[in-house]
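Every value quoted in this text rests on a predicted model; they were computed, and no experiment measured them. Throughout, a chain's letter reflects where its sequence line sits, starting with A, and its residues are numbered from 1.
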2 protein chains.
Amino acid sequence: MRIGELATKAGVSVRALRYYEEQRLLWAERSASGQRHYPDPAVERVQLIQMLYSAGLSSSTIASLLPCVDAKESTPESRAILAAERERIDAQITTLIRTRDRLDDVIASTTSPSNGCVVTHA
Amino acid sequence: MRIGELATKAGVSVRALRYYEEQRLLWAERSASGQRHYPDPAVERVQLIQMLYSAGLSSSTIASLLPCVDAKESTPESRAILAAERERIDAQITTLIRTRDRLDDVIASTTSPSNGCVVTHA
DNA sequence: CTCACCTCTGACGTCAACGTCAGGTCCCAG
DNA sequence: CTGGGACCTGACGTTGACGTCAGAGGTGAG
């Protein structure tokens, strides 16, 4: 498929796909005229990339982890990065849960202006 | 306390505190010479601000929520924002858990180069 | 063949939360 | 009273993941 179709299917922009290629996260066959052509599995790959980006990983970190996904092979360095990122995400989950609970406290303790209070839920 | 002490106690930079003030998230008394002086509870306030920033809230969103924390009073708009951000964080936790699990899969399926495989855990 | 739409390669723009530097003022221990 | 640190206000720099625009060429249904 061409870049526009991949962008639609994966839910990202065409620009983003070119950026991923620039960051060596994604490659494409080129037609004689230079147009990119992707295989079907590229959709899942892009979604994985997006997933990792949204978890706060940088391009270079993702680039160093994708070989583990592609070849199911790891070096000591890539294993260290994998473990470290996993822990980072775990810690992030923990603080997010705390933040959510804090917001819940605020929601619970908050009342409308000039409201009598103690309205347990609505 | 002065700005340097607050920065140390709250674990942020002096520049960040001035930025928070610029964003109307924080205020300070001023001495005759113009130096900022903060009360003790400012430490917790800054930590709350940091917590919200790290959960992905923007300055303006935080600014619109802090009155709920300060006055325990909410308008329909602020209640809507509170609820929306809570849901956003909740969704973010969900996808982070999925990402973490995905990384765990990669870690589990990954082997050292030229390793025999099937080592269930170590 | 044609025309609307897609794609190409640069290359500059954006945005938020600060970092950093300059030039000047303030505070206080010695 | 003095020196070195802390503080002040601008104001420009940074970073990453794209957005956007320009100018040129490719693609395919009718």
Side-chain angles (χ1 to χ4, degrees), chain A residues 1-39 42-43 45-66 81 85 88-89 92 95 99, chain B residues 1-39 42-43 45-66 81 85 88-89 92 95 99:
Chain A
M1 77 189 77
R2 293 194 299 172
I3 198 170
E5 189 180 350
L6 176 57
T8 302
K9 284 187 177 172
V12 304
S13 71
V14 167
R15 176 68 174 93
L17 293 179
R18 297 205 188 100
Y19 178 73
Y20 298 166
E21 184 171 320
E22 193 181 328
Q23 300 298 308
R24 306 184 167 283
L25 310 179
L26 193 62
W27 316 274
E29 304 280 318
R30 293 301 188 114
S31 73
S33 62
Q35 298 209 347
R36 294 170 179 85
H37 285 273
Y38 301 91
V43 176
R45 188 187 183 81
V46 171
Q47 284 168 346
L48 173 61
I49 293 172
Q50 265 294 101
M51 183 185 236
L52 295 174
Y53 268 129
S54 70
L57 307 211
S58 68
S59 293
S60 69
T61 304
I62 296 175
S64 64
L65 294 187
L66 283 180
I81 296 176
E85 290 303 323
R88 222 183 37 73
I89 291 173
Q92 198 178 339
T95 70
T99 305
Chain B
M1 77 189 78
R2 293 194 300 172
I3 198 170
E5 189 179 351
L6 176 58
T8 302
K9 285 188 176 171
V12 303
S13 69
V14 167
R15 178 65 174 94
L17 293 179
R18 296 204 188 100
Y19 178 74
Y20 299 165
E21 184 170 321
E22 192 180 327
Q23 301 298 309
R24 306 185 166 283
L25 309 179
L26 194 62
W27 316 274
E29 305 280 318
R30 295 298 188 117
S31 72
S33 62
Q35 299 209 345
R36 295 170 179 84
H37 284 270
Y38 299 91
V43 176
R45 187 185 184 83
V46 170
Q47 285 168 345
L48 173 60
I49 291 172
Q50 266 293 101
M51 182 185 243
L52 295 175
Y53 269 128
S54 69
L57 307 210
S58 67
S59 293
S60 68
T61 304
I62 296 175
S64 66
L65 294 187
L66 282 181
I81 296 177
E85 292 302 323
R88 221 182 40 71
I89 291 173
Q92 197 178 340
T95 71
T99 306

- Between the main-chain N or O of Leu57(B) and the side-chain N or O of Thr61(B), is there a donor-acceptor pair closer than 3.5 Å? no
- Query: Looking only at side-chain N and O atoms, does Ser59(B) come under 4.0 Å of OP1 or OP2 in dA17(C)?
  - Reply: yes
- Would you mind reading off the distance between Arg24(A) atom CZ and dG16(D) atom P, rounded to a whole angstrom? 17 Å
- So which one's nearest nucleotide on DNA chain D is more toward 5', Val14(B) or Ser33(A)? Val14(B)
- Item | Electrostatic pair Glu29(B):Arg2(B) at N-O distance under 4.0 angstrom | no
- Of Ser13(B) and Arg2(B), the one whose nearest nucleotide on DNA chain C sits closer to the 5' end is Ser13(B)
- Note on the structure: Here the pair of heavy atoms bringing Ala42(A) nearest to Leu6(A) is C-CD1, 3.9 Å
- Query: Is the backbone N or O of Leu25(A) less than 3.5 Å from a side-chain atom of Arg45(A), with the two atoms forming a donor-acceptor pair by type?
  - Reply: yes
- When we call it a touch if two heavy atoms are under 4.0 Å apart, what does Gln50(A) touch: a base, just sugar-phosphate, or nothing? sugar-phosphate
- Query: Of all the choices, dC27(C), dT27(D), dC18(C), which nucleotide is nearest to the side chain of Gln35(B) once you look at every atom?
  - Reply: dC27(C)
- Just to confirm, is there a sub-4.0 Å distance from OP1 or OP2 of dT20(C) to any side-chain nitrogen or oxygen of Arg15(B)? no
- What is the distance, rounded to the nearest whole Å, between atom OH of Tyr38(B) and atom P of dC7(D)? 10 Å
- Note on the structure: From CG of Leu17(A) across to P of dC8(C) the rounded distance in Å is 10 Å
- Does a salt bridge link Lys9(B) with Glu5(B), judged by any charged N lying under 4.0 Å from a carboxylate O? yes
- Query: Considering only dT9(C), dA17(D), dG26(D), which nucleotide approaches the side chain of Arg18(A) most closely?
  - Reply: dT9(C)
- Gap between atoms CD and C1', on Gln23(B) and dC15(C) respectively (whole Å): 12 Å
- Base, sugar-phosphate, or nothing for Ile49(A), non-hydrogen atoms under 4.0 angstrom? nothing
- Would you say Tyr19(B) reaches dA17(C)'s phosphate, i.e. side-chain N/O to OP1/OP2 under 4.0 Å? yes
- Measure the distance from CD1 on Ile3(B) to C1' on dC8(D) and round it to the nearest whole Å. 10 Å
- Item | Distance in angstrom units between Leu25(B) CG and dA17(C) P, rounded | 9 Å
- Item | Leu52(B) CG to dA16(C) C1', straight-line distance once rounded to whole Å | 16 Å
- Please tell me which of the listed nucleotides, dC8(C), dT9(D), dG16(D), lies nearest to the side chain of Arg30(B)? dT9(D)
- Are OP1 or OP2 of dA17(C) and a side-chain N or O of Tyr20(B) less than 4.0 angstrom apart? no
- By nearest-heavy-atom nucleotide on DNA chain C, the more 5' of Tyr53(B) and Ser31(B) is Tyr53(B)
- Note on the structure: Separation of dC28(C) atom C1' from Glu5(B) atom CD, nearest Å, is 16 Å
